[in-house]
Amino acid sequence: MVETAKLPPRPTGTFSARAITWSKNNLFDGWLNSALTLGAIALLVWLVPPLFNWAVVNATLAPTIEGCAEVTGACWGFVNANLRLILFGTYPFEEQWRPLLAMIVLMGIICFSLGGVKYPSFRKAIIPTWVIGVPIIAILMWGGMLGLTYVQNSYWGGLPLTLILSAIGIIFAFPFGLLLALGRQSNMPAIRTLSVVYIEVIRGVPLITVLFMASVMFPLFLPDGVTIDKLLRAQIGIILFTAAYLAEVFRGGLQAVPRGQFEAGDSLGLSYWQSMRLIILPQALRLVIPPTVNSFISMLKDTTLVVIIGLFDFLGTVKLALRSDPAWTKYYVEGYAFASAIFFLICFSMAKYSAYLEKELRKGEQR
Amino acid sequence: MTATQPQPTNGVVPPPSDEEVITVSKANKWYGNFHVLKDIDLHVRKGERIVICGPSGSGKSTLIRTLNRLETYQSGEITVDGILLGDDVKNIEAVRREVCMVFQHFNLFPHMTVLENLTLAPIWVRKMPKKEATELGMHYLERVRIAEQAHKFPGQLSGGQQQRVAIARSLCMQPKIMLFDEPTSALDPEMVKEVLDVMVELAKEGMTMLCVTHEMGFAKEVADRVVFMDAGEIVEMAGPHEFFDNPKSDRTKLFLSQILSH
């Protein structure tokens with residue numbers, strides 16, 4: 001109420017008159033804002049037309065090196081020609097419908113879960129959907145049954161690999177991070193110390209190191225003959241790493257819930273876990289939606305680091321495509337622009353969803 | 001200062017029975033070097049209404065918070081409803097099922113509706129079917145005259161309404177003992193009465209109540225005994241008439257002159 005009072009009166013009149021009034025109020029109020037507006041316009045005029053010419057007007061989609069050589073703009077033909085390599089990596093060419101389908105199933109479950117939060121009747125179906133969906137994805141990716149040929153996971157790559165690493169990473173890092181956060185606040189000294197040491201050690205080490213240790217050092221400790229799959233090791237490394245960060249995010253949320261809420265739960269006779277689940281966590285987690293999604297986004301982008309242990313995630317397959325023919329190598333800008341666009345799309349969707357979720361959960365409660 | 005001696009009441013409230021439901025003997029508590037509770041002895045009979053008052057920092061809130069183990073104590077013994085309150089989690093949970101507390105700042109759950117606040121503990125602690133819990137919740141909401149707010153969120157209610165919801169939430173557990181920790185201190189003055197009215201009604205129904213409050217009118221109307229605490233010890237304990245008309249200790253006199261002077 002107070003804020004609207006400060007706003008200038010709503011402009012009336014023709015569209016152009018309103019536009020002028022709006023500009024005066026918003027773009028040219030005072031010399032500093034006017035200068036900034038003009039500066040921004042100049043920057044756009046300087047940048048946008050050349051960019052547009054490069055990306056659209058002078059660009060080509062022709063999937064041949066010859067076609068690209070003829071144009072001065074972007075060679076989207078590189079992406080066009082190597083699309084399947086970029087998307088699916090070294091997965092056997094004839095079988096690439098399987099990762100595509102797996103990706104669609106994964107996106108389907110994710111969308112269902114995200115949408116289901118709003119509807120209590122769907123909420124119960126979320127966990128069963130994952131329990132059914134994840135094996136379907138596993139069967140599609142690995143095969144070896146139902147007439148599908150077996151595909152070793154060292155051939156997996158591209159977007160499905162990135163999405164699987166991220167989705168499984170989030171699903172397991174979330175509860176593990178939660179346990180660590182609760183452990184750090186525990187009254188039991190052993191559990192508290194263990195949690196603190198874990199969080200501080202993992203946080204103090206770069207992800208690359210964790211992945212290296214998972215892929216190079218860890219097997220040294222295993223007895224002869226026992227091997228743990230490289231992909232699994234990378235996945236576990238990502239989970240362990242992300243959980244440490246999430247734990248601190250959740251701890252922030254737990255500390256923001258007033259002491260009285262714990263006491264009210266206690267005084268009503270609720271057990272520790274009941275209090276946590278019904279009273280404390282719903283409030284704490286709601287408070288930390290923005291930093292939680294922050295961690296998820298950063299984790300999704302960090303999955304690109306698995307390339308250093310020889311897994312080809314989405315960014316890795318772009319590099320693979322660039323190297324597939326020396327003639328393509330000079331079109332790295334297009335390749336990375338495409339990868340950036342896909343990453344942006346995913347991360348931006350996550351950000352938008354988190355904003356929606358915050359708004360949705362805050363509804364009813366406010367005056 | 002004999003703890004269990006029956007005190008005359010003004011006849012409005014039923015007299016307590018002889019059964020002792022809370023026994024505090026030689027209870028001591030320290031925060032570091034600070035001695036918060038000093039050799040506290042308190043015996044409460046079933047149906048008894050006790051008002052605890054005293055200057056801030058006197059340990060009165062701490063005392064009633066030890067009775068449902070929101071606070072620990074280091075020596076002595078506290079028995080509630082025949083259960084020894086110690087480190088045993090089973091005992092603590094058993095006591096908390098029978099003892100409910102109303103807080104100064106209500107401590108309602110902001111993410112749940114009023115009705116959900118009320119049904120939570122019956123459903124999860126008493127394992128009551130949801131339908132039955134809802135009926136129970138509505139029953140107590142009507143008793144605190146706030147049934148029409150059942151589907152609102154706590155943040156949409158006034159302080160007085162929130163505190164009445166908090167009382168109803170405790171009543172839904174059908175406790176044997178109710179603890180009130182300065183239930184009206186955080187309220188705007190015009191809302192104090194609506195909460196006190198509910199508390200007086202409870203007292204008249206024979207609920208065992210321990211109430212930390214400075215509402216001396218309430219003490220005069222319903223208390224069987226008034227306990228005055230200062231610096232961690234019980235200084236004086238007497239029936240309301242004797243306590244207000246004929247206080248024995250100088251500290252009590254000083255305190256009464258300070259709070260009754262306006």
Side-chain angles (χ1 to χ4, degrees), chain A residues 1 117-121 123-124 178 182 185-191 250 252-290 292 354 357-367, chain B residues 61 64-65 67-72 87 89-90 92-114 116-127 151-158 165-166 169-175 177-181 186:
Chain A
M1 289 300 129
V117 170
K118 196 181 167 185
Y119 306 101
S121 45
R123 231 178 279 170
K124 286 193 191 94
L178 210 51
L182 294 177
Q185 299 216 312
S186 168
N187 293 328
M188 287 171 267
I191 291 180
F250 295 151
L254 288 171
Q255 283 175 348
V257 176
R259 189 81 221 125
Q261 295 288 309
F262 292 84
E263 291 179 352
D266 283 349
S267 77
L268 286 170
L270 293 163
S271 70
Y272 172 81
W273 289 108
Q274 284 174 334
S275 274
M276 273 299 158
R277 189 161 67 83
L278 300 164
I279 300 168
I280 308 302
L281 289 180
Q283 297 182 59
L285 294 181
R286 190 172 308 182
L287 287 168
V288 295
I289 290 174
T292 305
S354 101
L357 192 63
E358 272 184 81
K359 215 172 93 199
E360 201 53 48
L361 291 175
R362 225 186 293 131
K363 266 180 187 171
E365 278 173 46
Q366 289 195 332
R367 264 168 212 266
Chain B
S61 283
I64 71 163
R65 286 160 59 88
L67 299 181
N68 66 346
R69 195 67 180 188
L70 288 184
E71 302 281 352
T72 57
D87 292 326
V89 180
K90 284 269 171 298
I92 295 172
E93 285 180 359
V95 165
R96 284 174 178 168
R97 280 196 289 272
E98 306 306 332
V99 180
C100 276
M101 181 175 257
V102 174
F103 299 88
Q104 181 177 3
H105 296 288
F106 332 132
N107 296 353
L108 295 175
F109 308 130
H111 60 300
M112 298 179 187
T113 64
V114 164
E116 285 166 350
N117 264 278
L118 265 66
T119 56
L120 183 79
I123 290 173
W124 290 95
V125 180
R126 294 260 189 254
K127 311 291 176 205
H151 299 288
K152 287 195 182 165
F153 286 90
Q156 296 167 308
L157 306 184
S158 73
V165 171
R169 179 174 70 179
S170 292
L171 289 175
C172 278
M173 280 299 282
Q174 297 170 312
I177 300 162
M178 293 263 290
L179 308 173
F180 294 83
D181 188 4

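Throughout, a chain's letter reflects where its sequence line sits, starting with A, and its residues are numbered from 1.
- At a 4.5 Å heavy-atom cutoff, the contact between A:Gln274 and chain B is made by side-chain atoms alone.
- In this structure a side-chain-to-backbone donor-acceptor pair under 3.5 Å is present from A:Gln283 to A:Ile279.
- With a threshold of 4.5 angstrom between heavy atoms, B:Ile92 does not approach chain A through any atom at all.
- Scored by the side-chain contact (heavy atoms from CB on, under 4.5 Å) test, B:Thr119 finds B:Leu115, B:Ile123, B:Ala133, B:Thr134 as partners (sequence neighbours excluded).
- B:Met173 touches chain A through its side chain: at least one heavy atom from C-beta onward sits under 4.5 Å away, while N, CA, C and O do not.
- Taking the centre and axis of the six-membered ring of B:Phe109, the NZ or CZ atom of B:Arg169 falls inside the cone set by 45° and 6.0 Å.
- By number of non-hydrogen pairs under 4.5 angstrom with chain A, the leading residue of B:Leu70, B:Val89, B:Leu179, B:Val95 is B:Leu70.
- Under the ring pair (Phe, Tyr, Trp, His ring centres under 6.0 Å) criterion, B:Phe103 pairs with no residue at all, not counting sequence neighbours.
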